[in-house]
**Q** 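What follows is a single structure, and I will ask about it in a moment.
The chains referred to below are lettered A, B, ... by the order of the sequence lines, with proteins before strands, and numbering in each begins at 1.
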Amino acid sequence: MSHVRVRFAPSPTGFFHIGSARTALFNWLYARHTKGIFILRIEDTDKERNTEDAKQILFQGMKWLGLYWDEGPEVGGDYGPYYQSERTDIYRCYLEQLQKIDRTYEKDGAIYFKVTGEPQIIEDAVRGRVERTEDKDFVIFRSNGLPVFHFVNVVDDITMGITHVIRGEDHLSNTSKHTELMKAFKVELPQYAHIPLLLKQQGPGKMSKRDRGSLIEEYEQRHFLADAVRNYLCLLGWSPKDDREILPIEEIIQLFDLKGINKNNAKFDEKKLAFINTDYLRNLSLEKFHMLCQPILNESKIIPEDVNEIFVHDVLKICREKIRSIEELPKYCTYFFSEKYSINEKAKQKIFKKGDPLARLNEILSSLETLNSFSEETLEKTVASLAMTHNVSSGEYIHPTRIAVSGNQYWTWLLCNASSIRKRKCFVPY
RNA sequence: CUCCCGUUCGUCUAGCUCGGUCCAGGACACAGGGUUUUCAUCCCUGCAACAGGGGUUCAAAUCCCCUACGGGAGGCCA
């Protein structure tokens, strides 16, 4: 049985940043890899922005990504409470310990911690040996009586038995403060692992909440597949080292290790995410795909009330092969359910450039009207024989028809489409 | 300004621990071609990198140093 205990300790800000999500993910992966415990701790000492909504956004994002925690809010645990706002007694107690050994002093109403000023050596699992000296005393309790981040973070890690601190590299410089405190409390240092940061795709600096695509909730709203987003996030700073990129989470868990994490920062690439998302989409079972499409179909209100469920299923079967993300489903499938689709002018003009598309459409329409079966086979035969008798290529029928029934020259495979829509008055737009 | 971390194709990365098998491999993106009666898929080809300079060595992407550049920290924010 592993004794590994890791934590993700966000402060609820009202959004779930993709960089935070990646930190959570790496902690979760390591916990699962070692069969250890993954703890969620809420750093809500800064009351201002700590609202119920903010917490829910965080929990929702975690759950969406499948990062379920073993201890923390909603699930409890033996090391609680898991909200810092409820741990003030513990902080007081630890403050007294420092006061007893004369490692504090008061100035301007705030309590300062006296540093030793000795070089702090951190054996970081990702970066190796890092040495830094903390030469200034720092505040651990504000004049308003509330403890500050560095203090609570360390006390919580101690009292929650955290064995591995996996966090962003932005904390590396501050680690010397933490080790100073840890040593003052005479506890063993945890294993630190500072993971690289996520940089914005354009321009300098790390990704911030204002950057497009920086929030997890955005991907959820845009109907990305959570598994795909999670897979992509794993690849930012980590790789299985064998040229594979898309792999099941169970395998990632098995392969994941702190030593395999890169040192350098990574830029977030939306296109790669999109590619991975498409791959996951194509590998979905039709049932799962249908289920995931349901919300966006409902939102977009393109499906009539009295629709035949089997028909919807058939339509989705076609769509799954064509679309690149669930987000573009409504745009693609509207014409299956409604005749109010618009005709792509460019596509139409292209068709009218050669031959006589209107004549072809009339011919195909007359032929179709005599059919009582719209199976793929009969449709194909119909088109083929028309082409034969008029001595033109079948494309001359297919292209105008597709535009007539869908409004677009792309995507749909005509025969499939036509059999689905049956004998609708699909040539009217001309 | 001080301190810390980093630097392989445009991007994510493999290779660096144990120097030769790397005139550097994969993927995304991009460009071209093929399959598909269209589209999507799929397949093929191309493009493109060891930041620069010094060492060490028979031999360096791999080890050492310097410079440049990028990132982070330096709050009574987290």
**Q** Any idea which of B:G71, B:A27, B:C12 is nearest the A:Glu245 side chain?
**A**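 Nearest to the side chain of A:Glu245 among the choices is B:A27.
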**Q** Does B:U2 pair with anything, Watson-Crick or G-U wobble, both distances under 3.5 Å, and if so, with which nucleotide?
**A**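 B:U2 is paired, partner B:A73.
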**Q** Is the base of B:G25 touched by the side chain of A:Asp243 through a donor-acceptor pair closer than 3.5 angstrom?
**A**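 Donor-acceptor pair under 3.5 Å: yes.
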**Q** Which of parallel (below 30°), tilted (30 to 60°) and perpendicular (above 60°) describes A:Tyr219 and A:Phe224?
**A** perpendicular
**Q** Please confirm whether any donor atom in the side chain of A:Lys272 sits under 3.5 Å from an acceptor in the base of B:A29, or the reverse.
**A** no
**Q** Can you see whether A:Gln191 engages A:Glu123 through a side-chain donor-acceptor pair at a distance of less than 3.5 angstrom?
**A**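 No donor-acceptor contact under 3.5 Å links the two side chains.
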**Q** Determine, for A:Tyr280 and A:Arg282, whether the Lys NZ or Arg CZ falls below 6.0 Å from the six-membered ring centre while staying within 45 degrees of the axis.
**A**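 The answer is no, since A:Arg282 fails at least one limit relative to A:Tyr280.
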**Q** Determine the interatomic distance between P on B:G46 and the same-named atom on B:C65; round to the nearest Å.
**A**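 That atom pair is separated by 40 Å.
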**Q** Describe the nucleic acid contact of A:Lys259 in one word from base, sugar-phosphate, nothing, applying a heavy-atom distance below 4.0 Å.
**A**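 A:Lys259: no heavy atom of the nucleic acid under 4.0 Å.
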**Q** Separation of A:Tyr112 atom OH from B:C76 atom P, in whole Å?
**A** 6 Å
**Q** Under a 3.5 Å threshold, yes or no: a donor from one side chain and an acceptor from the other, between A:Thr116 and A:Glu180?
**A** yes
**Q** Quick one: does A:Lys322 reach the base of B:C39 with a side-chain donor-acceptor pair under 3.5 Å?
**A** yes
**Q** Reading RNA chain B from 5' onward, which residue's closest nucleotide shows up sooner: A:Phe268 or A:Lys206?
**A** A:Phe268
**Q** From the options B:A78, B:U13, B:G71, select the nucleotide whose nearest atom is closest to the side chain of A:Asn174.
**A** B:A78
**Q** Under 4.0 Å between a side-chain N/O of A:Lys241 and OP1 or OP2 of B:A14, yes or no?
**A**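 True: A:Lys241 side-chain N/O within range (under 4.0 Å) of B:A14 OP1/OP2.
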**Q** Report which part of the nucleic acid A:Arg324 touches: base, sugar-phosphate, or nothing (heavy-atom distance under 4.0 Å, all strands).
**A**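 Counting heavy atoms under 4.0 Å across all strands, the contact made by A:Arg324 is with sugar-phosphate only.
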**Q** Could you check which of B:A29, B:C76, B:A14 has an atom nearest any side-chain atom of A:Lys271?
**A**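 Out of B:A29, B:C76, B:A14, the nucleotide with an atom closest to A:Lys271's side chain is B:A29.
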**Q** Across all strands, who's sitting opposite B:C58 as a Watson-Crick or G-U wobble pair, both distances under 3.5 Å?
**A** B:G20
**Q** Where the side chain of A:Val130 is concerned, which of B:C5, B:U7, B:G75 is the nearest nucleotide?
**A** B:C5
**Q** Examine the side chains of A:Asn231 and A:Asp227 and answer whether a donor and an acceptor come within less than 3.5 Å of each other.
**A**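 Absent: no donor and acceptor within the cut-off.
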**Q** Under a 3.5 Å threshold, yes or no: a donor from one side chain and an acceptor from the other, between A:Glu134 and A:Ser176?
**A**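 The criterion, which ignores hydrogens and geometry beyond distance, is satisfied for A:Ser176 and A:Glu134.
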**Q** For B:U13 versus B:U57, give the span between their C1' atoms, rounded off to a whole number of Å.
**A** 30 Å
**Q** Does a donor on one side chain sit under 3.5 Å from an acceptor on the other, for A:Thr175 and A:His194?
**A**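 Side-chain D/A pair, A:Thr175 to A:His194: present.
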**Q** Which sits closer to the 5' end of RNA chain B, A:Gly237 or A:Arg127, going by the nucleotide each is nearest to?
**A** A:Arg127
**Q** Rounded to whole angstroms, how far apart are CZ on A:Arg320 and C1' on B:U41?
**A** 12 Å
**Q** Please confirm whether A:His171 and A:Phe149 have ring centers closer than 6.0 angstrom.
**A**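 Centroid distance A:His171-A:Phe149: below 6.0 Å, so yes.
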**Q** Using the C1' atom as the point on both nucleotides, what is the distance between B:U8 and B:C69, in whole Å?
**A**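 Comparing C1' positions in B:C69 and B:U8 gives a spacing of 16 Å.
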**Q** Counting side-chain heavy atoms from C-beta on, which of B:G75, B:G71, B:A78 comes nearest to A:Lys136?
**A** B:G75
**Q** Which nucleotide wins on minimum distance to the side chain of A:Glu169, given the candidates B:C76, B:G71, B:G25?
**A** B:G71
**Q** Counting any heavy atom closer than 4.0 Å, what does A:Ala266 reach on the DNA or RNA strands: base, sugar-phosphate only, or nothing?
**A**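 Touches sugar-phosphate only.
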**Q** Please report the distance, rounded to the nearest Å, between CG in A:Asn277 and C1' in B:C28.
**A**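 That distance rounds to 14 Å.
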**Q** Figure out the CG/P separation between A:Leu199 and B:G10, and round it to whole Å.
**A**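 Atom-to-atom, A:Leu199 to B:G10, this comes out as 17 Å.
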**Q** Taking the inter-plane angle between the rings of A:Phe268 and A:Tyr232 on a 0 to 90° scale, is it parallel (under 30°), tilted (30 to 60°) or perpendicular (over 60°)?
**A**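 Judged by the thresholds at 30° and 60°, the geometry between A:Phe268 and A:Tyr232 is perpendicular.
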**Q** With a 3.5 Å limit on both atom pairs, tell me what B:G46 is paired to, counting Watson-Crick and G-U wobble, or say none.
**A** B:C30
**Q** Suppose we define a pair by two distances each less than 3.5 Å, Watson-Crick or G-U wobble; what does B:U7 pair with here?
**A** B:A68
**Q** Look at the side chain of A:Arg132 and decide which nucleotide, out of B:G26, B:A78, B:C4, has an atom nearest to it.
**A**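 Comparing B:G26, B:A78, B:C4 against the side chain of A:Arg132, the answer is B:C4.
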**Q** To the nearest 0.5 Å, how far apart are CG in A:Leu297 and NE2 in A:His290?
**A** 7.0 Å
**Q** Say whether A:Gln120 and A:Lys183, considering side chains only, have a donor N or O and an acceptor N or O under 3.5 Å apart.
**A** yes
**Q** I want to verify a distance call: between B:A78, B:G15, B:C5, whose nearest atom is closest to the A:His150 side chain?
**A**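 Looking only at side-chain atoms, A:His150 lies closest to B:A78.
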**Q** Can you check the A:Asp135 CG to B:C3 C1' distance for me, whole Å?
**A**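 Atom-to-atom, A:Asp135 to B:C3, this comes out as 9 Å.
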**Q** How close or far is atom C1' of B:A27 from atom OH of A:Tyr232, stated in whole angstroms?
**A** 12 Å
**Q** Need one value for A:Asn262: base, sugar-phosphate or nothing, where a base atom within 4.0 Å counts as base even if backbone is also close, heavy atoms only.
**A** sugar-phosphate
**Q** What integer number of Å spans the P atoms of B:C39 and B:A51?
**A** 42 Å
**Q** Which nucleotide sits closest to the side chain of A:Glu43: B:A78, B:G26, B:G74?
**A**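 The answer is B:A78, which lies nearest to the side chain.
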**Q** Does A:Ser173 contact B:G74 through a side-chain donor or acceptor facing the base, at a distance under 3.5 Å?
**A** no
**Q** Roughly how many Å apart are B:C5 and B:A49, using the P atom of each and rounding to a whole number?
**A**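 Comparing P positions in B:A49 and B:C5 gives a spacing of 30 Å.
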**Q** Using the P atoms only, state how far B:C64 lies from B:U17, rounded to an integer number of Å.
**A**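 That atom pair is separated by 10 Å.
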**Q** How long is the line joining CG of A:Asn265 and P of B:C4, in whole Å?
**A** 17 Å
**Q** Which part of the nucleic acid, if any, lies within reach of A:Gln201 when heavy atoms closer than 4.0 Å are counted: base, sugar-phosphate only, or nothing?
**A** nothing
**Q** Rounded to whole angstrom, note down the P distance from B:G34 over to B:U7.
**A** 43 Å
**Q** Between B:U11, B:U41, B:U13, spot the one nearest the side chain of A:Ser239, thanks.
**A** B:U13
**Q** When the P atoms of B:U36 and B:C43 are compared, how many Å lie between them, rounded to an integer?
**A** 16 Å
**Q** Please tell me if A:Asn264 has a side-chain N or O lying less than 4.0 Å from either OP1 or OP2 of B:C5.
**A** no
**Q** Does the protein touch nucleotides 42-48 of chain B at the base, only the backbone, or not at all? Give it as B, S and - per nucleotide, heavy atoms under 4.0 Å.
**A** -------
**Q** Which part of the nucleic acid does A:Asp170 contact within heavy-atom distance under 4.0 Å: base, sugar-phosphate only, or nothing?
**A**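 Result for A:Asp170 = sugar-phosphate.
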